[in-house]
Participant: 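Here it is: the structure, laid out below.
We number each residue from 1, following the sequence as shown.
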Amino acid sequence: LIAVGTDSGDVRVCDTTSRATLRTFRAGSGGGSGGYPVRAVQWLSDGKRLVSGGDDAMVRVWDLGGGGGSVGGSGDSAGPILQMAGHGDSVRAMVILRVKSTATASTAAAKKKEGVRTMAVSGSYDHTIRVWDLEGVSDGEEGGANQDRCMAIMDHGAPVEDLLLLPSSETQPQPLIVSAGGTTVKVWNPLTGECVVDLNTKHSKTITSICLIDIIRNDELGKERISNKRLVTAGLDGLIRIHAADDISANLPYLHGVKTPHPITAIRASPDGSRFVVGTSNGIVTVRQRAKIIPQGVSLKRKVRVQAGTYSYFMRGADVSADADDHVVLLDKKRKLKSYDVMLKQFRYGDALDEALNGRQPDAIVAVLEELGKRRGLTQALSNRDEESLEPILSFTTKFITKPRYSPVLIGVADKLCDIYSGVVGQSENID
């Protein structure tokens, strides 16, 4: 399933296989202010609930099985099971945070829920990042905007465009939140509200999207695989900037970047890091692909430069086979020329005409006569002929001159014959 937010204020749950809309949640149906675009949607870990935020500055929790409580309902008219107010402007980003709980459980129900605490982190155009407690939210529970579930407020200093979750690791015991807005990127500890890293990027315009990529490389011996984390930022200046995110204490050092021709609105990477998707303001989505594992430390054979003018230089690339995704252009074999075409290339106009007449194909004969006319060699081909060589031309002309298909060419040929042989009329019975 996939959940999307719309400009009309709806949250739609769709089936990616059948492309059917299974549920539609409307923010205004449960007492909220509807009609505002929904900018961020995130699933909870149970796969049955989702959190949304939009231009009405509200954060809502929806239950896929139906509504509940004082603001709930059933079917597509079901409202959110929880509404949380606090932002003063549009909510643009949302991430779900799950941290280990350190509290001691006393009851059986508490022990069942002990260990993981679920929170929602929202970023808004009011420059703030808020952490919301989602514990105890379930179908049938009292929900509403009056409950104070805000656990922490962090000031980014600029309108927040995107949020990213840095999961916990061996060197990083607690998950961190990365916020992007303006030309700065900040890393926060959501439990204490402390800013861990304040990174002034090399962007000249607003950063619109950030993502985390795991790059897997082979070591120098090719035996072990080394994973490197990279924080990628993109903005309206068309720049993509890549920072090292293996050690947060190193303040995300800048590695390299790429310039694109259009402002970038969104970037994302596949879970294995093999595909990188870039969306631009002109509506173009670009997907780039690379190998899942990048070899490193592999010695390459030095290529010998082929000297120009040699046979090897002439035949270079002939033994290269096409890849699976290459477009292969098949060239037709060179067609063998007819004998009269060869004679035309050798400027033997009379012999070419005789050869075409011997073939007894009207289309070929007319084509040769037309080509002789274009080359201004028709007079040369018809001149200096005796009774035997002139008779086939006259026979063909008199036979086909009445056919509309050949008339335009043969009328000109007849005119040329009359001009050339008018002085010898009456000297041959066959020709007359």
Side-chain angles (χ1 to χ4, degrees), residues 40 92-97 99 121-124 127-131 152-217 225-260 263-279 288 290 294 296:
R92 304 290 294 191
M94 185 88 60
V95 293
I96 302 301
L97 181 65
V99 296
V121 183
S122 59
S124 172
H127 301 197
T128 64
I129 303 163
R130 290 177 178 259
V131 182
I153 302 176
M154 296 161 282
D155 186 9
H156 181 82
V160 179
E161 294 283 352
D162 199 5
L163 294 176
L164 177 67
L165 174 64
L166 292 180
S168 58
S169 61
E170 295 180 357
T171 59
Q172 178 186 310
Q174 292 294 340
L176 302 177
I177 299 297
V178 183
S179 62
T183 59
T184 60
V185 171
K186 294 184 179 182
V187 181
W188 306 87
N189 186 336
L191 302 181
T192 62
E194 177 188 1
C195 181
V196 180
V197 176
D198 187 352
L199 177 64
N200 189 8
T201 63
K202 297 181 180 295
H203 288 277
S204 59
K205 292 185 179 180
T206 300
I207 301 173
T208 54
S209 185
I210 54 177
C211 71
L212 188 67
I213 300 179
D214 284 335
I215 300 179
I216 302 176
R217 303 178 185 270
R225 294 180 181 178
I226 304 174
S227 177
N228 300 114
K229 295 184 181 296
R230 298 290 183 261
L231 177 65
V232 185
T233 63
L236 296 179
D237 52 3
L239 298 177
I240 298 176
R241 293 290 181 254
I242 302 175
H243 304 263
D246 298 310
D247 188 4
I248 299 299
S249 61
N251 293 329
L252 303 175
Y254 170 75
L255 299 179
H256 58 92
V258 179
K259 173 66 176 177
T260 60
I264 299 174
T265 56
I267 56 171
R268 283 299 179 266
S270 61
D272 58 3
S274 61
R275 290 181 176 86
F276 185 66
V277 185
V278 180
R288 299 182 180 273
R290 64 170 177 82
I294 302 177
Q296 187 169 339

Participant: Scan side-chain atoms only and decide if S122 and R92 contain a donor-acceptor pair under the 3.5 Å cut-off.
Facilitator: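 Short answer, no.
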Participant: Would you name the heavy atoms of A180 and I210 that are closest together and state the gap between them?
Facilitator: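 A180 and I210 have their closest heavy atoms at CB-CG2, 3.7 Å.
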Participant: With rounding to the nearest 0.5 Å, note down the distance linking OH in Y254 to CZ in R241.
Facilitator: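 Output value for this atom pair is 4.0 Å.
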Participant: Distance from L163 atom CG to L97 atom CG, nearest 0.5 Å?
Facilitator: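 Going from CG on L163 over to CG on L97, the span is 11.0 Å.
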Participant: Determine, for D162 against K186, whether the closest basic-nitrogen to carboxylate-oxygen distance falls under 4.0 angstrom.
Facilitator: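 Answer for the salt bridge query: no.
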Participant: Are D214 and K229 ion-paired here, with the side-chain N under 4.0 Å from a carboxylate O?
Facilitator: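 Salt bridge: yes.
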Participant: Could you tell me which non-hydrogen atom of L212 sits nearest to which non-hydrogen atom of A245, and how far apart they are?
Facilitator: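 Nearest pair, atom of L212 first, then A245: CD1-CB, 4.1 Å.
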Participant: Could you grab the distance from atom NE2 of H256 to atom NE2 of H243, nearest 0.5 Å is fine?
Facilitator: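 Rounded to the nearest 0.5 Å, the NE2-NE2 separation comes to 10.5 Å.
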Participant: Quick one: does T184's side chain have a donor or acceptor within less than 3.5 Å of a partner on N200's backbone?
Facilitator: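 It does not hold such a pair.
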Participant: Go through the steps for I177 and L164 under the test side-chain contact (heavy atoms from CB on, under 4.5 Å), then give the verdict.
Facilitator: CA-CA 6 Å; I177 299 297; L164 177 67; over 6 Å; no
Participant: Take V178 and L166 through the side-chain contact (heavy atoms from CB on, under 4.5 Å) test and state the conclusion after the steps.
Facilitator: CA-CA 7 Å; V178 183; L166 292 180; 3.5 Å; yes
Participant: Say you draw a straight line from CZ of F276 to SG of C211; how long is it, rounded to the nearest 0.5 Å?
Facilitator: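 F276 CZ to C211 SG: 5.0 Å, rounded to 0.5 Å.
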Participant: Please report the closest heavy-atom contact between L176 and L165, naming both atoms and the distance.
Facilitator: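 Closest pair (atom of L176, atom of L165, distance): O-CD1, 3.5 Å.
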Participant: With distance as the sole test, does K205 use its side chain to make a donor-acceptor pair with the main-chain N or O of T183 at under 3.5 Å?
Facilitator: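 Between the backbone of T183 and the side chain of K205 there is no qualifying donor-acceptor contact (under 3.5 Å).
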Participant: What distance do L231 atom CG and I242 atom CD1 have between them, rounded to the nearest 0.5 Å?
Facilitator: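 L231 CG to I242 CD1: 10.0 Å, rounded to 0.5 Å.
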Participant: Do D246 and R230 pass the salt bridge (Lys or Arg N to Asp or Glu O under 4.0 Å) test, and can you show the C-alpha distance, the side-chain angles, and the key distance before you say yes or no?
Facilitator: CA-CA 7 Å; D246 298 310; R230 298 290 183 261; 3.3 Å; yes
Participant: What's the spacing between S124 OG and H156 NE2 if we round to 0.5 Å?
Facilitator: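 Nearest 0.5 Å value for the OG-NE2 distance: 12.0 Å.
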Participant: Compile the donor-acceptor pairs under 3.5 Å between side chains in residues 187-199 and protein atoms, sequence neighbours left out, one pair per line.
Facilitator:
unit_1	atom_1	unit_2	atom_2	d
W188	NE1	S179	OG	2.8
N189	OD1	L191	N	3.1
T192	OG1	E194	N	3.4

Participant: For the side chain of T128 and the backbone of I153, is there at least one donor-acceptor N/O pair under 3.5 Å apart?
Facilitator: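 Flag not set: sc T128 to bb I153 has no pair under 3.5 Å.
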Participant: Taking the side chain as C-beta and beyond, is there a heavy-atom pair between V232 and I267 under 4.5 Å?
Facilitator: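 Yes; the side chains approach each other to less than 4.5 Å.
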Participant: Within the structure provided, determine whether P167 and P175 are in side-chain contact (heavy-atom separation under 4.5 Å).
Facilitator: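 Of all side-chain heavy-atom pairs linking P175 with P167, none is under 4.5 Å.
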Participant: Taking all non-hydrogen atoms of both residues into account, name the closest pair between L236 and I264 and its distance.
Facilitator: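 Of all heavy-atom pairs spanning L236 and I264, the closest is CD2-O, 3.9 Å.
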Participant: Does atom CZ (R275) have a neighbourhood of more than 12 heavy atoms from anything else shown, all under 6.0 Å?
Facilitator: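 Incorrect, the count does not exceed 12.
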Participant: Does I207 form a side-chain contact (heavy atoms from CB on, under 4.5 Å) with S209? I'd like the steps, not just the answer.
Facilitator: CA-CA 6 Å; I207 301 173; S209 185; over 6 Å; no
Participant: Looking at every heavy atom in both A266 and T208, which two are closest together, and how far apart are they?
Facilitator: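 Where A266 meets T208 most closely, the heavy atoms are N-OG1, 4.5 Å.
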Participant: List the atom of A158, the atom of G182, and the distance in Å for their closest heavy-atom pair.
Facilitator: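 That would be CB-N, 4.0 Å.
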Participant: With side chain to side chain donor-acceptor pair (under 3.5 Å) as the criterion, how do H203 and T233 come out once you've worked through the C-alpha distance, each side chain's angles and the decisive distance to 0.1 Å?
Facilitator: CA-CA 9 Å; H203 288 277; T233 63; 2.9 Å; yes
Participant: Contact between E161 and T206 at the side-chain level, heavy atoms closer than 4.5 Å - yes or no?
Facilitator: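 Yes; the side chains approach each other to less than 4.5 Å.
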